[in-house]
Amino acid sequence: MSIPTPLTVALVGNPNVGKTTLFNQLTGLQQRVANFPGVTVERKSGSLTHSPHIEIVDLPGTYSLTPRSLDEQIAYEVLVGRRGKSPDLVVCVVDAGNLERNLYVVSQVIDIGLRVIIALNMTDAAEENGLIVDVSTLENELCVPVVPMVASKGEGVDHLIEKILNHGDQAQPYRWTLMDAVDAKIPDLTNILTEEAPQVKPEHKRMEVLRALAEDEALDGWRPQSPNFVKRIEELRQEFTDRGVAWKHAEISGRYAWLGQIVNKSVERVRGPATMSDRIDSVLTHKFFGPLLFVIILAGIFQAVFSWATPAMDLIESGVSAIATAIQSVLPPSWATDLLTDGVITGVGNVVVFFPQILLLFFFLGLMEDTGYMARTAFIMDRVMKRVGLSGGSVLPLLSSYACAIPGIMAARTLDSERDRLITIMIAPLMSCSARLPVYTLFIAAFIPAGAFFGILGYQGLTMFSMYIMGTVMAFVAAAILKRFIFKGPDSYFVMELPPYRRPRLRQVFVRMIQRTKVFALRAGKIILGCSIVLWFLASYPKVDSTAEINQAIIEAEQQRDTTLAQALVSNTDVNLNTLNDSVATKDKSLEHQQVIAQQNDQDHQSVIDSLIIIQQSAQIRGSAIGHLGRILEPVMQPLGFDWKISAGLISAFAAREVIISTLSIIYSVEEDEEGVALRDAILADQYPDGRPVFTPLVALSLLVFFVFALQCMSTLAIARRETNTWKWPIVMWLYMTGLAYLASLLVYQGGLFLGFS
């Protein structure tokens with residue numbers, strides 16, 4: 001039996017044409033995700049269902065093989081073989097409703113000599129819009145197979161797989177006409193390129209010449225190795241300019257003239273009434289109602305994220321506590337048991353508890369993406385973005401940053417303008433990512449009441465929404481400042497196609513939701529686990545002798561014994577208040593009161609023991625390594641209302657924002673009683689030695705504001721370094737965001753004190 005020949009199939013197409021959906025259909029969701037070597041562009045691949053020898057590679061979406069963004073550059077380099085062997089076959093995914101625009105990149109793929117199959121996707125949506133594509137005519141005109149399909153419903157997928165398994169000969173080369181003035185110069189330029197760059201394949205030379213002629217970035221790439229080629233291009237550009245020849249758009253004009261004729265022959269337009277998409281867009285993309293509805297939708301999402309996740313969070317919290325208790329009952333008391341329960345389980349568990357909210361956030365973002373509304377947010381916000389010097393193209397990277405700043409920064413590669421790309425990278429971490437969600441949830445749930453505004457919007461959900469709005473508004477302000485003083489240049493333009501509205505494919509939404517949460521869990525989990533272990537050791541060592549603190553506590557307890565007893569008896573609802581006061585004053589020895597006093601003495605004794613345990617453990621954590629570290633930073637952070645524990649948490653959170661939850665859990669687990677106290681209850685009960693609460697609503701608000709603006713994520717800095725190819729901008733980013741966080745938190749706390757809030 002012969003072994004099947006390995007085959008690589010690349011999926012190519014414009015953004016929003018259903019390419020990822022088709023990829024999932026072809027691979028059965030069995031995907032391998034990595035990065036292309038040397039860059040942070042994601043490489044998604046998988047084996048064709050029931051044909052493991054055929055690898056399907058989903059290339060980044062591109063409008064052209066004359067690339068302006070990094071994503072488009074990678075797609076081009078893969079196709080021409082600069083990043084390994086060229087694919088054996090290219091499936092060009094095309095939106096049947098936007099045929100002429102989509103066929104542009106198809107014609108370029110055909111020109112570089114690759115075998116091509118066109119997957120004519122979303123034919124159902126095209127027909128709803130009055131467009132009927134004659135597939136046979138399209139095949140004859142382009143001389144490549146065309147497979148009509150609706151990938152979201154699985155229609156046509158089997159036919160496409162059959163075409164892949166039985167792919168034919170190589171596609172015919174270009175048949176479009178270049179303007180005579182430019183076309184006459186191509187042979188000369190090709191010869192020069194052949195002499196100076198013999199490694200370029202013959203079928204790619206014409207494309208390289210056209211790229212270098214039209215794009216400065218492409219021409220700059222040839223300067224080191226082909227100086228004569230570059231010189232000749234520059235001379236021709238000047239010559240064409242002097243003669244009034246539109247050389248920059250020569251390829252675009254020639255291709256679209258040819259493609260326009262093909263589309264006119266292949267597509268029948270049936271005029272009809274306004275489509276459902278048109279009617280929906282008249283409201284959702286309205287100049288006034290569009291932004292208003294967008295804000296309402298976001299507010300509803302954050303309200304749902306906060307309220308719907310509560311039952312699942314309570315269940316996880318109970319489960320984590322039960323696991324820790326079970327392990328303590330099985331294992332003998334030792335430092336290893338404490339490390340496992342108080343360090344690993346408590347630290348990691350207090351972050352896992354927020355996974356329901358993260359899942360919900362990814363679910364709603366997936367719905368917006370799958371229905372086509374996500375693309376419209378870019379159109380809706382374009383007017384706002386222009387006011388701060390950006391374009392609507394920056395909206396999608398910034399929206400991605402609500403989930404995580406890392407994919408948001410990477411998504412900025414799709415922007416044509418280098419200035420817009422750098423500004424978007426610099427402001428993306430200001431969007432409140434999912435790593436901030438555990439911090440928001442903890443302090444909002446602890447200090448914001450659970451009521452509702454007008455009985456509709458809960459105070460807690462509204463507070464969380466305000467955190468997101470605060471970060472978003474500051475991102476726009478930062479963009480305007482950066483554009484005016486740092487990244488100066490002309491305003492960019494923004495053009496995009498709005499995909500038709502579609503019913504959300506819940507299976508796809510759930511798959512993406514699980515995948516994104518899994519990526520977050522793996523990335524954050526490794527950091528949290530390592531930090532939890534380190535933090536436990538920092539909180540447990542060096543060991544502290546707390547004899548002095550215990551003796552002082554005993555003396556204070558004895559001095560206050562009568563008062564404590566009286567107060568405890570007064571709080572006992574089984575005995576009348578006046579009777580208790582009389583009995584304490586006259587030391588009544590009746591049987592009933594003897595029983596009450598005996599019971600209270602037992603409770604009082606246990607209370608003193610518990611207090612001594614807390615004092616001992618508090619002395620340990622205060623004298624530990626993390627306690628020293630927090631106290632060193634405490635004077636700097638006290639103006640913000642932060643004590644040494646919060647300061648220590650902020651230091652640890654630089655590894656990842658959510659680690660502060662693990663830090664506080666480990667610090668307070670040392671201070672909790674034998675029955676265990678939830679972190680929320682522990683921070684509410686914490687007090688300074690003079691009895692003042694450590695955490696107040698004002699302190700909580702100050703901390704929330706600090707987390708809105710602070711850049712506490714090493715991974716984000718590392719990605720920014722890779723995307724900008726320098727440490728300059730990541731350092732500037734960290735400095736301005738940290739300074740902004742400190743100043744904003746200082747204004748909130750000191751302003752609150754000035755106004756009388758404590």
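Just so you know, these numbers come straight off a predicted model, no measurement behind them. All heavy atoms count here, side chains included; hydrogens, waters and symmetry mates do not.
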Item to complete: Look at the side chain of T62 and the backbone N and O of S64, then say whether any donor-acceptor pair between them is shorter than 3.5 Å.
Response: yes
Worksheet item: Considering residues at least two apart in sequence or located in another chain, which fulfil the ring-ring contact (aromatic ring centres under 6.0 Å, His included) criterion with F363?
Response: F510
Worksheet item: Taking only residues two or more places apart in sequence or in another chain, which ones pass salt bridge (Lys or Arg N to Asp or Glu O under 4.0 Å) with K201?
Response: none
Practice prompt. Apply ring-ring contact (aromatic ring centres under 6.0 Å, His included) to Y104 and list each qualifying residue two or more places apart in sequence or on a separate chain.
Written response: Y256
Discussion item. Using modelled atom types and a 3.5 Å cut-off, is there a donor and acceptor pairing between side-chain atoms of D88 and backbone atoms of L7?
Written reply: no
Practice prompt. Output yes when a side-chain donor or acceptor of Q108 lies under 3.5 Å from a complementary backbone atom of L65, and no otherwise.
Written response: yes
Worksheet item: So, the side chain of D134 versus the backbone of V267: is there a donor-acceptor pair under 3.5 Å, distance only?
Response: no
Discussion item. Quiz question: by atom type and distance under 3.5 Å, do the side chains of R376 and T285 form a donor-acceptor pair?
Written reply: no
Worksheet item: Does some side-chain heavy atom of I117 sit less than 4.5 Å from a side-chain heavy atom of V144?
Response: no
Item to complete: Please answer whether the main-chain N or O of V146 pairs with a side-chain N or O of E139 as donor and acceptor at a distance below 3.5 Å.
Response: yes
Worksheet item: Does the N121 side chain pair with the main chain of A151, one donor and one acceptor, at a distance under 3.5 Å?
Response: yes
Fill in: Side-chain donor/acceptor of K19 to backbone N/O of L59, under 3.5 Å
yes
Discussion item. Looking at L103, is its backbone amide N or carbonyl O close enough to the side chain of R255 to form a donor-acceptor pair, meaning the two atoms are under 3.5 Å apart?
Written reply: no
Worksheet item: Can you tell me if S86 uses its side chain to pair, donor with acceptor, with the backbone of L79 under 3.5 Å?
Response: yes
Fill in: Sidechain-backbone polar pair: S45 side chain, I56 backbone, donor-acceptor under 3.5 Å
no
